[in-house]
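Just so you know, these numbers come straight off a predicted model, no measurement behind them. Letters go in sequence order (proteins before strands), and every chain restarts at 1.
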Protein chains: 2
Amino acid sequence: MKQEDTRPEPTPGPTVADDEALGRLLASAHFRCRSLFDEVLRQSGLESRHFSVLLALRRLGPASQRRLIDSLGVEKSAMVRILDELERQGLAERRPDPRDRRAHAVHLTDGGRERLADAEELAAGAQPFGALTASERRQLATLLGRLAG
Amino acid sequence: MKQEDTRPEPTPGPTVADDEALGRLLASAHFRCRSLFDEVLRQSGLESRHFSVLLALRRLGPASQRRLIDSLGVEKSAMVRILDELERQGLAERRPDPRDRRAHAVHLTDGGRERLADAEELAAGAQPFGALTASERRQLATLLGRLAG
DNA sequence: TATTGTTATACTCTATAACTATA
DNA sequence: TATAGTTATAGAGTATAACAATA
């Protein structure tokens, strides 16, 4: 029979209630961050989701929807809608991919590039993480990266 | 005329693209955390939002909807729906508040208390922040707290 | 058979406004 | 006038399944 250890735990260990509170904090920070972005971007006719896709297109160059989806972690049906909206505004184009006739090569248009530059200037004023120093932002990115795994 | 400083900035300063990437990380961590919670809680017939309110009721004791709203940061119309669902399952009750006839005193029922205990046991298995040590969790809470302001 | 993209549906969360009954 | 709560609506997000065209 094992001996009972009656000493209190050295570190109490996180309770479920702690996890729940941290989860709410996560939600609140997320929504606040996005609403700050959206508020500032509104003047450019874009929202966060468009901005993210335009940035990805500039970063990756012409890319299939599949590649954008994997790169941004967006649902494929959501990506269809976002690209519809970007095309309607003339900011991106779906062109045929000569190497795979199922796929589209999504291109950033000149207009899209300009609009992105404008949006970037606006977004610089959003400062959604302005409460944190550069080092703290890196800390946060590391911690969140481990969670998003 | 001011002299041009041609030295590179010591710390490059966060770009808008960095902020955008961090925002996506925040979103992804948030949704992953909630889906882990919901998945594990499903067996108890509760979802995260119910769990949060039940925890708050146990923590605060009988409380007005206004108090729950302020305590959890939920919209008042959302709180109405959550309490409707909890009442329908017999887990909480809206009773008249003798001191303010506009307000309800929301009570946790015995059934609610039991269901909460069951849900807590289930939720302990969710480990939404299991990738982090206790100290990292505290770090994360501090950083997010500054963002949620 | 698997993959790319499309369409449709459902549910959650936020946000807002209009409304009631009280204070 | 302001507050507590209700109802309704709109918009964003996730998630899923079914489908067409192509690999």
- Task: Please tell me if the side chains of B/L86 and B/V53 come closer than 4.5 Å, counting only heavy atoms from C-beta onward.
- Result: yes
- Item | A/F37 side chain near A/L46 side chain, heavy-atom distance below 4.5 Å | no
- Message: Testing the 3.5 Å rule here: is there a donor-acceptor pair between the side chains of A/S35 and A/D38?
- Response: no
- Message: Testing the 3.5 Å rule here: is there a donor-acceptor pair between the side chains of A/Q65 and A/H104?
- Response: yes
- 5'-most contact on DNA chain D (nearest-nucleotide basis), A/P98 vs B/A105, goes to B/A105
How many Å lie between [atom1] on [X] and [atom2] on [N], as a whole number?
X: A/R24; N: C/dC13; atom1: CZ; atom2: P; result: 13 Å
X: A/R49; N: D/dA12; atom1: CZ; atom2: P; result: 5 Å
X: A/H50; N: D/dG11; atom1: NE2; atom2: C1'; result: 12 Å
X: A/D100; N: C/dA2; atom1: CG; atom2: P; result: 17 Å
X: A/R101; N: D/dA20; atom1: CZ; atom2: C1'; result: 14 Å
X: B/L26; N: C/dC13; atom1: CG; atom2: P; result: 17 Å

- Does atom CZ of B/R99 have more than 12 heavy-atom neighbours from other groups under 6.0 Å away? no
- Task: Return the residues of residues 30-41 of chain A meeting this criterion: a heavy atom under 4.0 Å from some atom of DNA chain D. Order them by number, or give none.
- Result: A/R34
- Message: Just to be sure I understand the geometry, which residues of residues 65-97 of chain A put a non-hydrogen atom under 4.0 Å away from DNA chain D?
- Response: A/E75, A/S77, A/R81
- Message: Taking A/R42 first and then A/E47, would you say they form a salt bridge - that is, a charged N and a carboxylate O separated by under 4.0 Å?
- Response: no
- Pair B/R34 + B/E39, salt bridge at N-O below 4.0 Å: no
- Query: Does any N or O donor sit under 3.5 Å from an N or O acceptor when you compare the side chain of B/R102 with the base of D/dT3?
  - Reply: yes
For residues 75-83 of chain A, which side-chain donor-acceptor pairs fall under 3.5 Å, sequence neighbours excluded?
none

- Query: When you measure from the side chain of B/E47, which nucleotide among C/dT12, D/dG5, C/dT6 comes out closest?
  - Reply: C/dT12
- Message: Rounded to the nearest 0.5 Å, what separates atom CD in A/E20 from atom CG in A/L25?
- Response: 10.5 Å
